[in-house]
Amino acid sequence: MEQKNLAIITYGCQMNEYDSEMVAGVLQAQGGYRLIDDLEQAQVILLNTCSIREKAEQKVFSELGRLKQLKHKNPDLIIGVGGCIAQREGYRIMERSPQVDLVFGTRNIKLLPQLLAEVINKKAKIVNTEPLLEDINPTYIERKGKVKAWISIMQGCNNFCAYCVVPYTRGPQQSRPSWQIEQEVKDLAQQGFKEITLLGQNVNSYGQDLNGEIDFPDLLALLNQVEGIERIRFVTSHPKDFSERLIKAMAELPKVCESIHLPVQSGSNYIMERMNRKYRIEDYVDKVEQLRTRLPQAGITSDIIVGFPGEREEDFCQTEELIRTIEYDNIFLFKYSARPETPAASFPGQVNENIKQERFNRILSLQKSITFEKNQSLEGSVQEILVEGGSKKNPERLTGRTRNNKIVNVDGSDSLIGKKVMIKIVRAKLYSLEGQLLN
Ligand code: SF4
């Protein structure tokens with residue numbers, strides 16, 4: 001069978017990156033495709049989309065506009081759209097962008113070889129967003145890189161935060177059986193991978209839908225035993241499910257890294273309630289204190305949304321106060337973006353764009369100074385990093401991460417890729433550290 005060239009454009013979170021690895025894996029193994037980067041040479045281009053913010057959606061439709069020109073030059077080009085926008089919009093994508101031949105959902109990636117064959121052979125236009133809830137286990141995955149791998153341990157979310165589309169686009173929470181995850185991790189270890197990141201919209205509620213057979217700390221303990229794997233990370237954790245048992249597991253399991261992404265979103269209990277986040281700020285701060293008591297060196301990051309409907313200046317000031325109290329290593333900062341079908345889109349008290357921007361700038365500059373100070377405090381310290389490969393900005397140099405997830409760039413030979421090495425931090429920058437290899 002003649003191989004066809006496939007290009008994939010991915011938007012959004014790590015879950016989408018992982019799904020794209022699955023799309024590539026399935027189509028290479030079962031569809032006779034070869035993954036390439038050059039869109040001009042592709043016979044099939046798939047967009048794996050994100051609808052978490054309006055800006056992300058706009059990017060997808062502008063890309064589709066560019067692809068229309070490509071299709072004009074090459075009428076046989078097949079354009080497909082998957083991911084969260086596809087799941088939500090279905091047929092409407094084709095109405096808006098008639099150059100699209102295929103729309104597929106977040107939970108039916110395994111059907112892609114057959115869907116694409118139909119599109120090509122029957123010259124049909126297909127929309128298939130029916131979720132295949134019963135089978136979320138990946139079959140083939142074309143992983144990027146050789147040192148670290150992502151593993152999806154669950155799909156969907158039951159939390160229904162008032163601003164979020166995920167429960168609508170990815171369905172209810174469904175955890176994978178632990179033995180399948182363990183097998184996947186063992187296979188990765190055999191292939192030489194050293195670090196795994198467990199992925200889920202809400203990883204620490206893993207197992208709540210498995211009749212009490214296993215929970216997330218137990219899963220970490222199980223995977224900690226897999227020989228060959230040296231580091232375990234996980235993302236994302238919901239504060240309401242961040243338990244003492246999980247803190248204990250992080251402190252006691254040697255392969256689990258001292259790093260956590262624990263999105264607080266706002267520092268105001270009033271806003272928390274409106275967001276339907278199901279925890280109070282006092283409890284959040286208490287949990288972070290417990291974590292820091294057990295693991296003082298833990299890296300802690302968060303998501304912050306400014307300008308959520310109803311956010312008053314006093315709520316915003318509480319967010320600033322919380323950031324000063326916790327001193328996050330870093331944050332992902334967003335201006336609230338109303339998403340269709342979510343309750344918050346129709347809440348009263350939508351915040352004016354200028355105010356959102358002003359609050360965004362204030363938090364950004366506050367967090368930048370905290371991040372830089374924290375990085376500076378590491379100057380002169382000795383850290384273990386796992387060398388991941390060439391640095392993004394300068395492939396001649398190596399890059400790796402500390403256990404608490406700081407990026408470190410260092411000079412050294414490629415033979416160190418995949419190895420843990422000790423380095424001395426010689427200079428702090430805002431988003432990375434400069435290191436020097438120790439013998
Ligand atoms: S926990 Fe909330 S923000 Fe996270 S995916 Fe679920 S609904 Fe969305």
Side-chain angles (χ1 to χ4, degrees), residues 11-19 48-57 83-88 105-107 131 133 136 150 152-176 197-209 215-216 233-243 246 260-269 271-281 283-284 287 300-311 319 322 328 331-347:
Y11 301 85
C13 63
Q14 284 149 322
M15 195 66 100
N16 265 20
E17 295 280 351
Y18 178 81
D19 283 351
N48 190 6
T49 64
C50 167
S51 71
I52 204 94
R53 266 166 285 284
E54 199 180 351
K55 220 170 167 184
E57 276 199 34
C84 289
I85 299 182
Q87 188 66 48
R88 219 192 62 217
T106 50
R107 288 203 188 181
L133 285 178
I136 60 164
W150 290 316
S152 165
I153 62 168
M154 63 211 291
Q155 282 280 349
C157 178
N158 296 341
N159 286 320
F160 290 93
C161 299
Y163 50 83
C164 181
V165 288
V166 166
Y168 310 96
T169 57
R170 289 188 174 261
Q173 172 170 324
Q174 192 183 357
S175 303
R176 289 177 65 197
T197 300
L198 308 178
L199 288 182
Q201 304 295 345
N202 186 9
V203 276
N204 46 357
S205 67
Y206 170 81
Q208 284 177 7
D209 53 321
D215 66 4
F216 188 58
R233 300 184 188 277
F234 52 90
V235 67
T236 293
S237 301
H238 194 301
K240 78 173 165 54
D241 299 309
F242 187 57
S243 62
L246 179 51
I260 187 146
H261 184 58
L262 199 60
V264 71
Q265 309 297 5
S266 163
S268 149
N269 281 323
I271 295 297
M272 283 293 100
E273 256 181 56
R274 286 174 71 89
M275 285 180 168
N276 193 28
R277 289 290 286 173
K278 305 182 184 113
Y279 53 86
R280 291 186 62 79
I281 298 301
D283 300 330
Y284 180 94
K287 286 179 181 185
I300 305 178
T301 55
S302 180
D303 295 340
I304 300 281
I305 298 173
V306 293
F308 187 77
E311 185 186 71
T319 304
L322 181 77
Y328 291 106
I331 58 168
F332 297 89
L333 179 60
F334 307 101
K335 285 185 281 179
Y336 169 73
S337 164
R339 308 312 301 129
E341 290 167 32
T342 59
S346 53
F347 279 1

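In listed order, ligands and their atoms are each counted from 1.
- Closest of all the heavy-atom pairs between P340 and R88 is CG-NH2, 3.7 Å.
- Atom 6 (Fe) of ligand 1 has its closest protein heavy atom at C157 SG, 2.2 Å.
- Put simply, part of R277 is less than 4.0 Å from ligand 1, judged by heavy atoms.
- A donor-acceptor pair shorter than 3.5 Å can be found between the side chains of D209 and Q173.
- Annotation: atom 8 (Fe) of ligand 1 to nearest protein heavy atom, C164 SG, 2.3 Å.
- When hydrogens are left out, the protein atom nearest atom 1 (S) of ligand 1 is N159 ND2, 3.4 Å; that is the closest non-hydrogen contact.
- Not less than 6.0 angstrom separates the ring centroid of Y279 from the ring centroid of F242.
- Distances below 4.0 Å separate heavy atoms of P167 from the following atoms of ligand 1: 7 (S).
- With a heavy-atom cut-off of 4.0 Å, N202 does not touch ligand 1 at all.
- Of the protein's non-hydrogen atoms, the one nearest atom 7 (S) of ligand 1 is C161 N, 3.3 Å.
- Taking a cut-off of under 4.0 Å to the non-hydrogen atoms of F160, the atoms of ligand 1 that pass are 7 (S).
- The pair E311-R274 does not count as a salt bridge, with every side-chain nitrogen at least 4.0 angstrom from each carboxylate oxygen.
- Residues S237 and P263 come closest through the heavy atom pair O-CD, 3.1 Å.
- With 2.8 Å as the limit, H238 does not count as an N, O or S neighbour of atom 6 (Fe) of ligand 1.
- Looking at atom 3 (S) of ligand 1, its nearest protein heavy atom turns out to be Y163 OH, 3.5 Å.
- Minimum heavy-atom separation, D241 to N202: OD2-ND2, 3.3 Å.
- Taking the ring axis of F334 as reference, the NZ or CZ atom of R53 stays within 45° of it and closer than 6.0 Å to the ring centre.
- Heavy atoms of other residues, nucleotides or ligands lying less than 6.0 angstrom from CD of Q14 number more than 12.
- The protein non-hydrogen atom at the shortest distance from atom 4 (Fe) of ligand 1 is Q201 O, 4.2 Å.
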